Amino acid sequence: MAQRASPADGSHGAARETGRYRPGEIEPRWQQRWLDDGTYEIENDDRRDAHYVLSMYPYPSGPAHIGHVRNYTFGDLLVRYHTMRGKGVLSPIGFDSFGLPAENAAIESGVHPRIFTDQRIDELTASLRRIGAVYDHRRTIRSHDPGYIRWNQWFFIRFFEAGLAYKATAPVNWCPGCRTVLANEQVVDGRCERSDHLVERRDLSQWFYRITDYAQELLDDLDDLEWPNRVKLMQRNWIGRSEGVELGLPIADASGRARTDVEPLSVYTTRPDTGFGMTFAVMSPEHPRVDELTTADRRAAVTAFQAEVANRSEIDRLSTEAAEVERGVLTGSSVVNPFNGKAIPLFLADYVLMAYGTGAVMAVPGQDQRDWELAEAFDLDIVRTVQPPDDFDGEAFAGDGPIINSEWLNGLGVSEAKATATEWLERQGLGTRTVVYRLRDWLVGRQRFWGCPIPMIYCDDCGTVPAPESDLPILAPDDVEFHPTGESPLQHHDGFLNTICPGCGGPARRETDTLDTFVDSAWYFLRFTDPWNEEQPLTMSAVRKFLPVDQYIGGIEHAILHLLYARFFTKALADLGHAPKDLREPMKRLFTQGMVRMGGSKMSKSRGNAVSPEESVEVHGADALRLAILQAKPPADDVDWEDFQIQGCERFLNRLWRLAATDPELINGSRTGQPTAADDAIDTASHRLVDRITGEYERWAYNTAVAGFMAFTNRLYGYVRSDGGPHRETLADAIDTMLELLAPAVPHITAELWALRHDGEHIHERSWPVADPDKLTVETVTMVVQVNGKVRDRIEVASDISDAAARSRALTSEKVAARLAGATPKRVIVRAPGLVNVVI
RNA sequence: GCCCGGGUGGCGGAAUGGCAGACGCGGCGGAUUCAAAAUCCGCUGUCCGAAAGGACGUGUGGGUUCGACUCCCACCCCGGGCACCA
C-alpha cells in the first residue's frame with residue numbers, strides 16, 4: 001500500500017490508494033458518461049416540474065472563447081443545480097450559424113460557407129463539452145438546417161399575409177465598391193469596413209417586419225419581467241414613447257393670411273406650451289411636400305440643399321464641427337402660427353428627420369438649441385416663452401419656469417401650460433393629442449448569400465407573391481461563385497433567380513435578399529421545445545410546457561435588439577395562432593453577464609494565466625477554470641482575463657481532493673462514538689453552508705459561494721488537525737454535504753470523489769441537500785460592545801439574551817467601565833444579541 | 001448633451017444602517033526537504049509604539065443618525081447606453 005499524506009499535516013497516516021487529483025483523466029471520462037447515459041436529456045412527457053435554462057444562441061466562431069466559457073459555465077451550474085432540485089430541466093443548445101464571417105471567409109478562400117460553418121460548430125461543440133457543459137444534444141438547432149429554414153420562411157409568409165411583413169423604400173448604407181447594403185456596424189467612420197469605400201445613403205426597396213405595431217405592448221410588458229433594470233431601461237429608451245400634439249400650420253398667402261385651399265403643414269411637438277415662441281417652421285429635406293411648398297425663386301437653392309444633405313457622409317452628419325455645413329435653407333413659403341396668427345418663414349433643415357413624427361416641426365428657438373442655432377444663422381426672431389432662472393447663461397432654455405410672452409398662458413408652469421395649450425388646440429380643431437415612438441420597423445432584408453432566403457417571388461403580372469408552401473424550404477444553390485466585391489452570388493445565379501409565378505404560371509424571379517440573422521434568433525428558443533415536429537413549426541403543448549424560459553443568460557450586448565426582436569416574435573406568433581395565445585413574453589428571468597476583456601497591460605505569465613480557455617483546461621482542468629470564472633467577480637461585472645485565478649482554484653481542488661479522497665477511517669486520530677461539542681459545531685456549520693450556498697446560487701452570488709467553500713474547507717482542515725481529532729461520521733457527512741453543494745459548480749471532481757466514496761454512485765443523480773432548520777440557529781453569539789459607535793469589546797452571550805441582560809453585560813465590561821470612569825452613560829442603545837452601543 | 005452603473009488594502013473582491021477588508025491572488029516568516037517543487041502552519045490596510053495598545057481609514061466636501069462603505073445633498077473621476085427623436 002502506498003503511503004499517502006493525510007489531509008491535514010502532510011505527514012501522518014495512510015489512506016486508501018486513491019492517487020492524485022488528475023483532471024485530465026477524470027474529466028473526459030465523466031463527460032462521456034453524461035453523454036452516453038443521456039443524463040441531461042429530457043422527454044416532452046417528463047413528469048417533473050419543467051424548468052427551462054437557456055444560454056443565448058451562440059455564433060459558431062470555432063473553439064469557445066473565454067466569454068462563451070463564462071456564459072456557459074453559469075448556465076451549466078444552473079442546469080445541474082435545478083436537476084438536483086428535482087426539476088425536469090430543459091437545457092438545449094443551438095447555433096446562430098448564418099452570417100457574415102462565413103461569407104467573408106468564402107470570398108477569401110473559396111470554401112463554401114456551409115463547410116466553413118459546420119466545422120466551426122463542431123469545434124465549438126467540442127469545446128463546450130470539454131468545459132463540462134451539458135445539453136440535450138438531440139434538440140440541437142442550426143439556423144442553416146433546411147428544417148429550420150423551412151419554418152423561418154413559413155413564418156415570413158404568415159407575417160406577409162398578416163401585413164406584418166412588407167416592402168418599402170428606406171434609406172440604407174450603400175457601399176459602391178461592394179455593391180451591397182451594409183449594416184450599421186459594418187460602417188466604420190463612414191467607410192465600408194471591407195472595401196474602405198465611402199458609404200453612401202441610398203433609398204432602396206427593402207423588406208420590413210412591422211414591429212412598431214407592438215411598440216406599446218413591448219413597452220408595457222417590460223414592467224413585469226424579472227430582468228435587470230438596466231436592460232428594461234435601455235429597451236424603454238429604444239422604444240422611445242413620447243406624448244405630444246400633432247397640429248396643422250396653415251400655409252400663408254402673400255399677405256400672410258392662412259390659405260384654406262391648401263392642406264396645412266402637419267407638425268408634431270411635445271411642447272405645445274411654447275407655441276407663442278414659434279418664429280419659424282422646419283421640414284425635413286426628404287419631406288414629400290418640399291416641391292409643393294418651395295417657391296420658384298428658391299427652387300434651385302432648395303434642390304441643391306436636398307442633394308447636398310442626401311450625399312452628406314456619416315462623418316459630416318456626426319461631426320461636432322458642423323459649422324462648415326449649411327444646416328438649413330429657406331423654402332420661400334410661409335406658414336401661420338396658430339397661436340398668434342403671425343406668418344412665419346418655412347425652412348428645410350437637416351436636423352429634422354422624416355422618419356420621426358410628421359417630418360416637420362414648429363421651431364421655438366427660445367427653448368430648443370437646434371432651433372436657436374438656425375435662428376441665429378438666418379437672423380430670425382427669438383422669443384423666450386419660459387423664463388429662465390436669473391443665473392442662466394445658456395442660449396435655448398429647456399427647463400421649467402413660468403411662461404412669459406404667451407398671452408393666456410403667462411404665469412403657468414410648463415406642465416400646466418402644456419395641458420392648457422393642448423386643450424385649446426383640440427377645442428379649436430387645430431391639433432390632436434398624439435403618441436409617437438422612436439422605434440422603427442425592423443429592416444429584415446440583407447443583400448447576402450449566407451442567410452435564410454426570403455421566400456418571395458416577383459411576377460410582372462401578379463406583383464409580389466409568396467412562394468408556394470410546397471416549395472419550402474427554398475435553399476440557396478451550392479454551385480455559386482463568390483465575388484471578390486462581396487456582392488451576393490444569388491443575384492447572378494440564373495437557376496435560383498428564375499422561377500414560375502405561383503399565381504399565373506408565367507415566368508417570374510425570386511427575391512435574392514436573405515433574412516437578417518436576428519430573425520433566426522428571434523424564435524429558436526420556441527423550436528427547442530419540439531424540434532422534431534415536421535408538420536408544424538411549433539407544438540403547442542410543448543411550448544406551453546416549457547415557456548417562458550425560466551432563466552435566460554447572455555451578454556449585455558444583446559440588451560436591445562435580440563431581446564426586443566424575440567419579444568416581438570413571440571407576441572406576433574401568439575397573435576397569429578402559432579404559439580399559445582397567452583404567451584406574451586418569452587423570457588421570464590434574464591441574466592446579463594458582463595463581458596470578458598482582454599486587458600493587455602496587466603497580462604502576466606507569473607500568475608499562471610493561460611491565453612485561451614482550451615489551454616487552461618489542458619493545464620489546470622475544466623473544473624479549475626469553471627471555479628476561477630465563478631470566483632473572479634460578481635457574474636454581472638465585466639472581467640479581465642487575468643482576474644481569473646485559475647492556479648489558486650486548482651490548489652483548492654487539490655485540497656478538496658486530499659480531504660475527500662482519503663478514507664475517513666484512516667485519518668489520523670479519527671474517532672467514533674458520541675460526538676463532542678466540537679463535532680456538533682462542524683455539523684452545524686455544514687447545515688449553515690447548505691443554507692448559505694443555496695441562497696447564493698439562487699441569487700447568482702457565485703463569487704461569495706466559492707469563498708464559502710474555501711472557508712469551509714479551511715475549517716475542516718483545522719478540524720482534522722484539532723486536539724481530539726475528527727469524529728469519523730461527522731467529518732464524512734460534512735465532506736459529503738460539501739461535495740453535493742459543489743457538484744453544480746465543479747461537476748467532474750465532485751462526481752469522481754462521490755463515486756470513490758460511495759461505491760460508484762452518481763452525484764448528479766442525487767437530490768439537493770436540505771438544511772435542518774434547528775441547526776441554523778446558534779446558541780451563543782459574539783456581542784459587540786461599542787462606546788460612542790466605536791468597538792471596544794466583544795462578549796460571548798447566549799443568542800436569546802434579553803435587552804436588559806445585554807445592557808448590563810455591556811456596562812460591566814471592564815473596557816467600557818474604564819472609558820466610563822464612573823460617569824453615567826447618556827444613552828445606551830441595545831440591539832440584542834448582536835450589539836450594544838454606550839453613548840457617553 | 002441626456003439616461004444608467006460604479007469608485008473599498010499591492011490586486012480581484014466581501015460587508016446594503018450595527019465588528020470594514022470575508023475568501024482568493026500576491027508578499028513575508030516558519031515547518032518539511034540534501035535541495036527545490038508541491039504541501040502544511042502563521043502573519044499581511046496605513047501611521048505611532050519594544051509591546052500592550054492607540055489613532056486614522058471605503059473618490060472629495062457637507063448632512064441625517066447613538067452608529068454611515070451603506071441613506072440624503074453637492075462635486076470630482078471611471079465605465080456603459082442613447083445621441084440632431086422636435
Side-chain angles (χ1 to χ4, degrees), chain A residues 5-11 20 228-234 236-238 240 242 244 267-271 274 282 284 317-318 320 322 327 349-353 355-364 367-371 373 398 436-440 556-557 559-560 594-595 597 602 604 606-608 627-628 631-634 636-640 642-649 651-652 654-655 658 701 703-714 717-718 721 782-794 825-831 834-840:
Chain A
S6 91
D9 54 22
S11 61
R20 284 185 47 199
N229 276 330
R230 181 163 62 131
V231 174
K232 295 207 245 184
L233 204 72
M234 280 161 73
R236 283 195 190 101
N237 292 340
W238 189 261
S242 100
V267 298
Y268 172 74
T269 183
T270 56
R271 296 295 303 273
T274 63
V282 189
S284 160
R317 288 183 70 94
L318 295 174
T320 46
R327 303 216 69 186
D350 62 352
Y351 68 81
V352 177
L353 308 177
Y356 187 78
T358 61
V361 301
M362 53 180 239
V364 189
Q367 274 79 230
D368 184 289
Q369 188 60 29
R370 296 156 301 177
D371 294 344
E373 281 160 20
V436 167
Y437 301 91
R438 209 191 69 116
L439 181 70
R440 307 286 153 77
I556 186 71
E557 65 273 19
I560 300 176
M595 291 184 294
R597 291 174 305 233
K602 285 198 291 175
S604 139
S606 64
R607 287 185 167 197
L627 199 67
Q631 183 218 28
K633 281 213 178 195
D637 287 10
D638 284 355
V639 61
D640 287 309
E642 55 266 32
D643 294 332
F644 297 130
Q645 300 170 341
I646 300 169
Q647 222 161 52
C649 288
R651 193 173 301 164
F652 166 77
N654 268 305
R655 272 164 79 77
R658 285 194 307 273
N703 54 331
T704 54
V706 173
F709 288 125
M710 290 176 168
F712 190 69
T713 303
N714 291 344
Y717 268 73
R721 214 176 55 243
T782 305
M783 182 172 81
V784 170
V785 183
Q786 298 179 332
V787 174
N788 288 344
K790 292 193 174 164
V791 180
R792 295 302 175 191
D793 203 0
R794 296 183 174 87
K826 270 193 211 146
R827 208 176 147 184
V828 181
I829 285 101
V830 182
R831 294 283 178 275
L835 178 135
V836 174
N837 186 12
V838 181
V839 186
I840 303 177

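Convention: sequence-line order gives letters A, B, ...; per-chain numbering from 1. Small disclaimer: the values here were computed from a predicted structure and weren't measured.
Along RNA chain B, the nucleotide nearest to A:Tyr268 and the one nearest to A:Gln786 differ in position, and the one closer to the 5' end is contacted by A:Gln786. Positionally, the nearest nucleotide of RNA chain B for A:Pro634 lies more toward the 5' end than for the other of A:Val784 and A:Pro634.
Phosphate proximity of B:rA14 to A:Asn703: present, with a side-chain N or O under 4.0 Å from OP1 or OP2. Between A:Arg792 and B:rC19 there is no side-chain N or O to OP1 or OP2 distance below 4.0 Å. Contact check, A:Arg721 against B:rC41: a side-chain N or O comes under 4.0 Å of OP1 or OP2. For B:rU65, neither phosphate oxygen OP1 nor OP2 lies less than 4.0 angstrom from any side-chain nitrogen or oxygen of A:Arg827. Taking 4.0 angstrom as the limit, A:Arg20 places none of its side-chain polar atoms (N or O) nearer than this to OP1 or OP2 of B:rA38. Under 4.0 angstrom from either OP1 or OP2 of B:rG5 there lies no side-chain N or O belonging to A:Asn229.
Here A:Gly240 lies out of heavy-atom contact (under 4.0 Å) with every strand. Among the atoms of the strands shown, base atoms are found under 4.0 Å from some heavy atom of A:Val352. At the heavy-atom level, A:Arg651 lies under 4.0 Å from the strands shown only through sugar-phosphate atoms.
Look at B:rC71: its Watson-Crick or wobble partner, with both distances under 3.5 angstrom, is B:rG63.
The side-chain contact (heavy atoms from CB on, under 4.5 Å) check on A:Gln786 picks up A:Val784, A:Val791, A:Leu835, A:Asn837, with sequence neighbours excluded.
Applying the 90° criterion around 0 to the glycosidic angle, B:rG59 comes out anti.
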